[in-house]
Each structure stands twice: as structure tokens, then as C-alpha cells.
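Reminder, nothing fancy here: chain letters follow the sequence lines and each chain counts from 1.
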2 protein chains.
Amino acid sequence: MFSDFSLFGFEQPFSKMKAENKHSKIISAAVKVFAKKGFFTARISDIAKEAKVADGTIYLYFNNKYDILLSVFEEEIGKIVKKTVNLIEKESDPQIMLEIFIAQHLLAMKKNKNLAEVIQIELRQSNKVIKNYRNNKFTEYIGIIGEIIEKGQKTGVYRDDVNPEIAKRAFFGALDEVSRVWNVSLETHYTVEEISSQIIQFFLSGISSPPLQVSGKS
Amino acid sequence: MFSDFSLFGFEQPFSKMKAENKHSKIISAAVKVFAKKGFFTARISDIAKEAKVADGTIYLYFNNKYDILLSVFEEEIGKIVKKTVNLIEKESDPQIMLEIFIAQHLLAMKKNKNLAEVIQIELRQSNKVIKNYRNNKFTEYIGIIGEIIEKGQKTGVYRDDVNPEIAKRAFFGALDEVSRVWNVSLETHYTVEEISSQIIQFFLSGISSPPLQVSGKS
DNA sequence: AGAACATGAATGACTATTCATTCATGTAAT
DNA sequence: ATTACATGAATGAATAGTCATTCATGTTCT
């Protein structure tokens, strides 16, 4: 891959720059079109139109339609993983790490609703299409949750009888479904903070009413 | 009335029976093929082959390819909803109702892994394909969770500060993701009971270590 | 000029759907 | 009981339409 220095906002007077612009223009367009139509219903010509390039131009940058989808995953999920890891590494308290993860995920999904949809729907579908694409970035992403939980168990803030493998899935599933619906429909009126706090509450304390605590210490 | 022998040895006394058989044979075949290949990659001829009918026969029972997918949802999810509602109605304790829902869901997903995959993947995709399909059965299904939570809040077993709309999504998402992965890969070694108890634990008590409780009696 | 880049109409492969025909079974007539 | 007729379920080859991909041609750089 050649994504070394290609950040937006800086004009480089080399011909290479032009090419990189097209590359990312096509990626962005693909995200948008895949989100709107789904991978299979999306036409190359739709993506070309959205990116304002000719159909044939797309084949100067990508091998085929699947390659576009794959590139979208690698590049876009990669960004999220990188950013999340970056933020979490600085923390040491598992509780806070988990809160950061949630907030970060919801923010990312809110910021780019199209990408959220592509990830949520096409990622699953894609296993069937691209036979040996392993979703490395995605697995890495979910793995972060598992590591946080394990860390919390070592330091004693999380129970030992919680299975981190199951927990990380349940945790991600909850986050994912909430943000999926949140993007699609009714629940638009909830804020990131509101959903964040609800999800943290679920996972840390559950939904049960707290037992009456006759506490010696409070 | 009857001819003694038919050439092929089978008697089909009622022509209608034959028809109903075909309908459900096609549905089952479709579930299998959609699960294996995904809706778009699946060919009508694949389904026909799997159902052991001719391509054209399918159009005697369904209007088109989408109609098959839609029927799969309506009929198969309908069955699950019916069975679940049936079991839950007999209960009055929200805690037990929730446990039944979880066990029921996991069992259903385990019993028919293909259906699980179709629901988990294609159901989401379908909004884009079938423009005005509202996933009525599916919404109804998730709604059950919301009702249980609300009931629990009225009787005081669940906190009032839990938002049932968000909670039902988080709850379903967790269940869904766990059973999705469970079907696909590694985690096959967990039992329904193990996963059930983990999920119940998450939602009722969270993952935090319980605060030291100094009981009133000591 | 030559190279690199871009275009979009034309190609060709693929597959959902149709429909003329066959076939199995039921009914009526003898 | 046998034959003739009627019904409509089932078939699968042919059709018709859709797109991903290519490539002959144009444009823009150095």
C-alpha cells in the first residue's frame, strides 16, 4: 500500500498528487455509494459518477469492484483502529479505556454514517464474496475490547467469571446494533453521551435494580 | 379410483399437498442457498437444484427472487416470534421472561444455522433491496425485549434510569453478535447454557466486580 | 513529440424471468 | 376396465436485460 504521506489539505505540485487525489476520491465515492445501494446493487458507473471520473478511470486505480470494497475496509477501518489504539494506549485504568472505546466508536460511526453502514452490512456479506479476506483490521478492532477486559480482570475491577471472548462479542454487538439503528431511524434524538452512558451502565452494572445495600462503607 | 401402480411407485393422492410441499421445499432450499452464497450471489438455478425442482417451478410459487427472500423472513422469523411469545406469555416474572428469550433465541439460531446467517446478514441488506419492506416480524421480535424491560421497571426489578429503547437494541445486538460468531468460528465449543448465563449476567449485573457488601446481618 | 493520464462507448459474460410444451393425474364415457 | 378427454403442475431452453470490464481514442502534461 502507498498511503504513507497522503493527507488532505496539502498541495503537492507533482503529478503523483493528482493520482492520489483520484484514488481517495474514488474511495470516498465508493463508501457513499456502497452505503446507499449496497455492494451488489452499486454500479461501477454510480461510483464513477459520484467521484466525477469516467468509468474506465476506476480501473486505473483498482483491479475490480471487489478490490474497491476491500480497499475501503483496509483503509477506513485501519484509520479507526489506529486512532482508537492511540487514545487507549495512554490510559491505564481499564474502566476509562472501555469508556474511551465506546465513545470513540460511537463518534466514528456518527461522523461517517455511510462508512458505518458499509462496515456493518458489507463486512459480514463480504466473507462470502471475498473468500480469503480475513478482516484483519476488524478482528484487531474487536480484539481491543478483549484485551481491556482481561486487563480489568487482572487488576480486579472486572469479575473473573466473565468470559472475555464472549464478553467482547456481546459488547461489540451491543454497540454495533445501537449505532446501526441510531443511524437508520427513530432513535436519532439520542446523543452520543446518552447512548455512551447507557451502554457503559449496562456493561458495568447491568439493568437490575441495585440490591439494597446496608453498607458499612459507602 | 386408484390405479394400482404408478410407473414411479409414488402415490400423491391430493394435488394440493404436492403444492404445499414444493412451497416449503423451495423455502428451505432458499435458506440454505442464501446462507451459503448470499442473496445476490445465489442463483435461482441453485435454489431450484437444491429444492429438486425446475427453475420455472419456482415462479409458480414466488413472484421473483426478492419475493423468496421476503417469504423466508416472514415465515421463518414468524415461527420464532410465535414460539417465543407463546413461551413468554405464560410467565409473569420479567427476570424469567428475559432468560427464556435468550435461551429461545440461542436455541433457534443453533438449530438452524443457515437461517441464522440469512437473518443476520441478509435481513440488514434487504432494506436496500426491497424498498418498502419494513421487517415487521423482526421489529415485533425485538419489541418483545422492550416490553419485558418495561414490565420489569414497573415491578421494580429493573432500574428506572435504563432506557428500554436503547436497552432492547443493546440486548439484541449482544445476543445477535454472539450467536453470529458462535456459528461461524472458534467459539463453537461454548454451550448454549454457558452463553446464556454469560449474557444474562452481563445484562443483569454487568461485568464489574460486585462492591463489597456488608450484609445487615453480618 | 512522447508519455502519462483519462474517457466512455462497445463488448461480452452472466442470469432472472418467460412461455411453449410435456407429463401426471383425475374424471367421464363406454 | 379401458379409453378418451381435461386439468394444471412442472419443465428447461430461449429471451431479454444488466453491468463489469476493456480498449481505441482523446487530452494534458513535461
Within the structure, does a side-chain N or O atom of [X] lie under 4.0 Å from either OP1 or OP2 of [N]?
X: B:Tyr61; N: D:dA10; result: yes
X: A:Lys22; N: C:dC5; result: no
X: A:Arg43; N: D:dA20; result: yes
X: B:Lys65; N: C:dT17; result: no

Measure the distance from [atom1] on [X] to [atom2] on [N] and round it to the nearest whole Å.
X: B:Ile47; N: C:dA16; atom1: CD1; atom2: P; answer: 8 Å
X: B:Phe62; N: C:dT17; atom1: CZ; atom2: P; answer: 13 Å
X: A:Tyr59; N: D:dA20; atom1: OH; atom2: P; answer: 7 Å
X: B:Asp55; N: C:dT22; atom1: CG; atom2: P; answer: 19 Å
X: B:Leu60; N: D:dG12; atom1: CG; atom2: P; answer: 13 Å
X: B:Phe40; N: C:dA16; atom1: CZ; atom2: P; answer: 11 Å
X: A:Ile58; N: C:dA9; atom1: CD1; atom2: C1'; answer: 16 Å
X: A:Ile44; N: C:dT11; atom1: CD1; atom2: C1'; answer: 16 Å

Minimum-distance nucleotide (side-chain atoms of A:Ala54 versus D:dA20, D:dT11, C:dG8):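 Of the candidates, C:dG8 comes closest.
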A:Thr57, nearest nucleotide to its side chain (from D:dT11, D:dT21, C:dA6):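 Of the options given, the side chain of A:Thr57 lies nearest C:dA6.
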Stepwise salt bridge (charged side-chain N to carboxylate O under 4.0 Å, His left out) test for A:Glu177 and B:Arg169: CA-CA 6 Å; A:Glu177 177 72 9; B:Arg169 291 290 169 182; 3.2 Å; yes
Gap between atom CG of B:Asp176 and atom CG of A:Asp176 - 0.5 Å precision: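 A:Asp176 atom CG to B:Asp176 atom CG measures 8.5 Å (nearest 0.5 Å).
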Member of B:Glu150, B:Gln153, B:Gln95 meeting the side chain to side chain donor-acceptor pair (under 3.5 Å) criterion with B:Tyr158: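 Testing B:Tyr158 for a side chain to side chain donor-acceptor pair (under 3.5 Å) against B:Glu150, B:Gln153, B:Gln95 leaves exactly one candidate, B:Gln95.
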Touch class at under 4.0 angstrom, heavy-atom based, for B:Ala48 against every strand present: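 Counting heavy atoms under 4.0 Å across all strands, no contact is made by B:Ala48.
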Residue of the set A:Lys37, A:Lys32, A:Arg43 for which salt bridge (Lys or Arg N to Asp or Glu O under 4.0 Å) holds with A:Glu50: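 Among A:Lys37, A:Lys32, A:Arg43, the one meeting salt bridge (Lys or Arg N to Asp or Glu O under 4.0 Å) with A:Glu50 is A:Lys32.
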Plane angle bin for A:Phe34 and A:Phe39 - parallel if under 30°, tilted between 30 and 60°, otherwise perpendicular: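 Tilted: the ring planes of A:Phe39 and A:Phe34 meet at 30° to 60°.
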